[in-house]
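All values below were derived from every heavy atom in this structure, side-chain atoms included, with hydrogens, water molecules and symmetry-related copies excluded.
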Amino acid sequence: MRLGINLGYWGAGMDGDNLAVAQEADRLGYDVCWAAEAYGSDAPTVLSWVAAQTESIDVGSAIMQIPARQPAMTAMTAATLDSLSGGRFRLGLGVSGPQVSEGWYGVKFDKPLARTREYVEIVRKAMARERLSYEGQHWTLPLPGGPGKPIKLTVHPEREHIPLYIAAIGPKNLEQTGEIADGALLIFPSADHLEDTAMRYLRAGREKAGKTMDGFDVCPTLPLAVGDDVKGLADMFRPYTALYVGGMGSPKQNFYNQLAQRMGYEKEAAEIQEKYLSGDKAGAAAAVPHQLIDQTTLLGSVERIADRMQAYAAAGVTTLTLAPAGFTLDERLAALRAGTDALERSGLA
């Protein structure tokens, strides 16, 4: 099992710290460094900055939002980043959520599965430097009856095939991801529930495409905090878990809330959402069960984290992406080093 690092969102006074974290991950031999985007910093700019100041670590978007860009633009960006980084770019895509898609980008959040499939098909054609011609439900290239003509990418990526990942949570999206992508970006993964919440659907998608799980990268992100007081460490992540389970998406379309329900927290997920959406964020955080946090993070001593890593590897994880917690840069770097120590102790390195 390989290790990755997730820098999250750039900015908020952490720019220098995030670069230092990425450089330390590079020095420690982490496999990939991911950057996110929502409605603040964009992923490609951050990844360009990181790639220019690291040596061997891959850089990946987790995610570039589908409603933010036309697919040909995404292919151009991917090809450019792969070329500039010397073949170290990984393209992670996702549809985002209804609030961001419609409120920030003005793109209707409808038929996300069909939209994702068409988007991936166009991106792959463009990155393969085929003349771009496509006729689908959401995109038609070139536009009919106009001056447009099929053209092809002029940039030559470093590699013929740039790894393409999709952020997936729901069963149908997971199955489609297994069918059309090279890897899956997961969030709030529990090793105890991974088979029922993700792996069975990814496997079904691979089978539909006539493939096995060999070579498919199962890549969840987990917050990491090292220390002896597991309960105290878990309490650090109450606001984070409450935000996703209670406040992400809309009341009817919160994929993280639905995931918590599939993990057996139906009553608790409903309470967290009700409190969060009513403005009681502190009450929502207090309503998050300790077990839910502990199951979806890596907390405790290096030995305890090593045991958890073994459980994730046994469940099918191939790249475990860490989000090291800490109020200072030194704390985050120490957590980063603890991740490599734990991997060594687990025997999975």
If you measure from CG on Leu153 to CZ on Arg131, what distance do you get to the nearest 0.5 Å?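 Here the rounded value is 12.0 Å.
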Could you give the distance from OH (Tyr30) to CG (Leu320), rounded to the nearest 0.5 Å?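 Spacing of OH (Tyr30) from CG (Leu320) equals 9.0 Å.
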Which residues pass the ring pair (Phe, Tyr, Trp, His ring centres under 6.0 Å) test with Tyr240, not counting sequence neighbours?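 With neighbours one apart ignored, the set is Phe188, Tyr244.
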Does the side-chain hydrogen bond (donor to acceptor under 3.5 Å, both in side chains) test come out yes or no for Ser301 and Asp228, once each step is laid out? CA-CA 6 Å; Ser301 65; Asp228 296 325; 6.0 Å; no
Taking the side chain as every heavy atom from C-beta outward, state whether [X] and [Y] have any atom pair closer than 4.5 Å.
{"X": "Thr197", "Y": "Leu259", "result": "yes"}
{"X": "Lys125", "Y": "Pro71", "result": "no"}
{"X": "Leu113", "Y": "Glu175", "result": "no"}
{"X": "Pro220", "Y": "Thr321", "result": "no"}
{"X": "Pro324", "Y": "Ile5", "result": "yes"}
{"X": "Leu322", "Y": "Leu298", "result": "yes"}
{"X": "Leu3", "Y": "Met309", "result": "yes"}
{"X": "Leu47", "Y": "Pro44", "result": "no"}

Donor-acceptor under 3.5 Å ([X] side chain, [Y] main chain):
{"X": "Thr297", "Y": "Leu299", "answer": "no"}
{"X": "Ser278", "Y": "Lys275", "answer": "yes"}
{"X": "Gln310", "Y": "Ser346", "answer": "yes"}

Give a yes or no on whether a salt bridge exists between [X] and [Y], defined as a side-chain N under 4.0 angstrom from a carboxylate O.
{"X": "Arg200", "Y": "Glu195", "result": "no"}
{"X": "Arg2", "Y": "Asp217", "result": "yes"}
{"X": "Arg345", "Y": "Asp341", "result": "no"}

Which is it for Leu132 and Ile122 under the side-chain contact (heavy atoms from CB on, under 4.5 Å) test, yes or no, and what are the steps along the way? CA-CA 8 Å; Leu132 194 52; Ile122 296 170; 4.0 Å; yes
For Gln176 and Tyr201, run side-chain hydrogen bond (donor to acceptor under 3.5 Å, both in side chains): C-alpha distance rounded to whole Å, both residues' side-chain angles, the deciding distance at 0.1 Å, then the answer. CA-CA 8 Å; Gln176 178 171 277; Tyr201 304 111; over 6 Å; no
Answer yes or no: are there more than 12 heavy-atom neighbours, outside Glu130 itself, under 6.0 Å from its atom CD?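 Correct, the count exceeds 12.
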For residues 70-91, pull every pair meeting side-chain hydrogen bond (donor to acceptor under 3.5 Å, both in side chains), keeping only residues two or more places apart or in separate chains.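 Sorted pair list: Asp31-Arg90, Thr54-Arg88, Asp58-Arg90, Gln70-Trp139, Thr74-Tyr119, Asp82-Arg159, Arg90-Tyr165.
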Looking at Leu329, Leu19, Leu336, which hits side chain to side chain contact (heavy atoms under 4.5 Å, CB included) with Glu24?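 Going through Leu329, Leu19, Leu336 one by one, the side chain to side chain contact (heavy atoms under 4.5 Å, CB included) with Glu24 is satisfied by Leu336 alone.
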Residues two or more places apart in sequence or in another chain: which of them pass side-chain hydrogen bond (donor to acceptor under 3.5 Å, both in side chains) with Gln258?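 Counting only residues at least two positions away or on another chain, Gln258 forms no side-chain hydrogen bond (donor to acceptor under 3.5 Å, both in side chains).
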